Student: 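Below: one structure in structure tokens.
Each residue takes its place number in the sequence, starting with 1. No experiment lies behind these values; they were computed from the predicted model shown.
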Amino acid sequence: MKRNERFVITINRELGSGGRTVGRLLAAKLGVEFYDKAVIKGLEERYHLTVKEIERLKGRKQGWWPDFKRQMACGADMANYYIPQNGDEPELLDTDELFSAETEILNGIAAEESCVVAGRSGFYVFRHHPNHLRVLIQASMPFRVERVVRKQHVTEEEARKIIDKVDKMRENYVNKYTKTSRYDTRNYDIVISADGKTEEQIANLILKFIA
């Protein structure tokens, strides 16, 4: 990956590995934006970013993301920026439409700026991006359980159930839309174990890899 050109770093991670925190730290160190499920979902819900609406915005202006981002910063004006043309509330997106909408949003972002993206099947979404680093962060079960217990204030038994549920959900999601496994290391450029490392140390390891 070339840091002096527009780039995208995608971080897939196991729940409890600290991958999202690593992504935020890495983005801050590189001076670029960080995007994850919460950010993308917020854009979709607040501004009705369906595939149809994104295509309409892209048709207005070739570089649609900078224009959209600039107007988001305008505050109150954005409240009415994305209103369905028929005046009705947008229909709930099904899973297939949601994946397509997220893919459009992410590709629109990466086409205009360097960024770090956590999750969202980024290794697959950006598979054709010319300057893309794919990272997987894993950890042992004891490490993951301890972190989930500490972060979510649950018992060890509850933490294991949460981890098991999320692991299955994420694997099914990735398999459905990418026809591969998120655990297949061939999908990544670098795989890091979080055991014995802080999030800061992991972020620095990635920086060394791309230096």
Student: Are any of the side-chain heavy atoms of Glu113 and Arg6 separated by less than 4.5 Å?
Tutor: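 A side-chain contact under 4.5 Å is absent here.
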Student: What I'd like to find out is whether the side chain of Asp36 reaches to under 4.5 Å of the side chain of Arg24, using heavy atoms alone.
Tutor: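 A side-chain contact under 4.5 Å exists here.
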Student: What heavy-atom pair brings Ser114 and Val32 nearest, and what distance separates the two atoms?
Tutor: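 Between these two residues, the closest heavy atoms are O-CB, 3.5 Å.
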Student: Would a 4.5 Å heavy-atom cut-off, applied to side chains only, mark Val125 and Val117 as touching?
Tutor: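 Of all side-chain heavy-atom pairs linking Val117 with Val125, none is under 4.5 Å.
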Student: Please determine if Arg144 and Asp167 form a salt bridge, counting it only when a charged side-chain N lies under 4.0 Å from a carboxylate O.
Tutor: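 Yes, this pair counts.
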Student: Let me see the working for Ile162 and Gln152 under side chain to side chain contact (heavy atoms under 4.5 Å, CB included), right down to the final yes or no.
Tutor: CA-CA 10 Å; Ile162 292 170; Gln152 299 192 26; 3.5 Å; yes
Student: Are Arg127 and Tyr124 in a cation-pi contact, defined as NZ or CZ under 6.0 Å from the six-membered ring centre and within 45° of the axis?
Tutor: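 Verdict for Tyr124: a cation-pi partner in Arg127.
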Student: Do you know the tightest heavy-atom contact between Val174 and Ser121?
Tutor: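 Shortest heavy-atom contact: CG2-OG, 3.7 Å.
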Student: Does anything in residues 191-207 pair up under salt bridge (charged side-chain N to carboxylate O under 4.0 Å, His left out), and if so which pairs, sequence neighbours excluded?
Tutor: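 Of all non-adjacent pairs touching residues 191-207, those that pass salt bridge (charged side-chain N to carboxylate O under 4.0 Å, His left out) are Lys29-Glu200, Arg147-Glu199.
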Student: Can you tell me how far CZ of Arg13 sits from OG1 of Thr21, rounded to the nearest 0.5 angstrom?
Tutor: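 Answer rounded to 0.5 Å: 9.5 Å.
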Student: Taking atom CD of Glu157 as the centre, does the number of heavy atoms from other residues, nucleotides or ligands within less than 6.0 Å exceed 12?
Tutor: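 Result for CD/Glu157: open.
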Student: Check the pair Thr178, Phe123 against side chain to side chain contact (heavy atoms under 4.5 Å, CB included), reporting the backbone distance first and the verdict last.
Tutor: CA-CA 9 Å; Thr178 72; Phe123 71 88; 4.1 Å; yes
Student: What pair of heavy atoms forms the shortest contact from Gly196 to Phe143, and how long is it?
Tutor: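 Nearest pair, atom of Gly196 first, then Phe143: N-CE1, 4.3 Å.
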Student: Tell me, with the steps shown, if Asn175 and Thr180 meet side chain to side chain contact (heavy atoms under 4.5 Å, CB included).
Tutor: CA-CA 5 Å; Asn175 183 261; Thr180 186; over 6 Å; no
Student: Can you tell if the side chain of Ile210 reaches within under 4.5 Å of the side chain of Ile9, non-hydrogen atoms only?
Tutor: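 Sidechains of Ile9 and Ile210: in contact.
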Student: Is the backbone of Thr198 close enough, under 3.5 Å, to the side chain of Gln201 for a donor and an acceptor to pair up by distance?
Tutor: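 Yes, because the side chain of Gln201 sits within donor-acceptor range (under 3.5 Å) of the backbone of Thr198.
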Student: Hey, what do you get for CZ (Phe126) to CG (Asn107), rounding to the nearest 0.5 Å?
Tutor: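 Here the rounded value is 5.5 Å.
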Student: Could you check whether Glu156 pairs with Arg160 (Lys NZ or Arg NE/NH1/NH2 to Asp/Glu carboxylate O, under 4.0 Å)?
Tutor: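 Salt bridge between Glu156 and Arg160, a charged N being under 4.0 Å from a carboxylate O: no.
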Student: Would you check if Lys2 and Phe7 make a side-chain contact, meaning some heavy-atom pair closer than 4.5 Å?
Tutor: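 A side-chain contact is absent here, since even the closest heavy-atom pair is not under 4.5 Å.
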Student: Would you mind reporting whether Ile11 and Leu26 have side-chain heavy atoms less than 4.5 Å apart?
Tutor: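 Yes, their side chains come closer than 4.5 Å.
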Student: If we ignore angles and hydrogens, is there a donor and acceptor under 3.5 Å between the side chains of Ser17 and Glu14?
Tutor: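 Result is no, nothing qualifies.
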Student: Please tell me whether Phe34 and Val135 are part of a single hydrophobic cluster in this structure, the criterion being side-chain heavy atoms less than 4.5 Å apart.
Tutor: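 Yes, same cluster.
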Student: With rounding to the nearest 0.5 angstrom, report the CD1 to OG distance, Ile137 to Ser193.
Tutor: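 Between Ile137 CD1 and Ser193 OG, I get 10.0 Å after rounding to 0.5 Å.
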Student: Ignoring hydrogens, what is the shortest heavy-atom contact between Arg3 and Leu207? Give both atom names and the distance.
Tutor: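 Nearest pair, atom of Arg3 first, then Leu207: NH1-CD2, 4.3 Å.
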Student: I'd like to check Val8 versus Asn131 (side-chain heavy atoms, cut-off strictly below 4.5 Å). Are they in contact?
Tutor: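 The answer is no; the side chains never approach within 4.5 Å.
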Student: Step by step, work out the side chain to side chain contact (heavy atoms under 4.5 Å, CB included) result for Ile206 and Val22.
Tutor: CA-CA 10 Å; Ile206 299 172; Val22 170; 4.0 Å; yes
Student: Contact between Thr155 and Val149 at the side-chain level, heavy atoms closer than 4.5 Å - yes or no?
Tutor: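 No; the side chains remain at least 4.5 Å from each other.
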Student: At their closest point, which heavy atom of Leu133 faces which heavy atom of Met1, and how far apart are they?
Tutor: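 The answer is CB-SD, 3.8 Å.
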Student: Spell out, yes or no, whether Leu25 and Phe209 are grouped together once hydrophobic residues are joined by side-chain heavy atoms under 4.5 Å, including indirect joins.
Tutor: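 Different clusters: Leu25 never reaches Phe209 through Ile, Leu, Val, Met, Phe, Trp or Tyr contacts under 4.5 Å.
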Student: Under 4.5 Å between side-chain heavy atoms, hopping through other hydrophobics if needed: is there a path connecting Ile190 to Leu30?
Tutor: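 Yes, Ile190 and Leu30 fall within the same hydrophobic cluster.
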Student: Kindly give the heavy-atom pair with the smallest separation between Arg170 and Leu15, and that separation in Å.
Tutor: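 It is NH1-N, 3.5 Å.
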Student: Look at the side chain of Glu171 and the backbone N and O of Arg182, then say whether any donor-acceptor pair between them is shorter than 3.5 Å.
Tutor: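 Indeed, once roles are kept as given, a pair shorter than 3.5 Å links the two residues.
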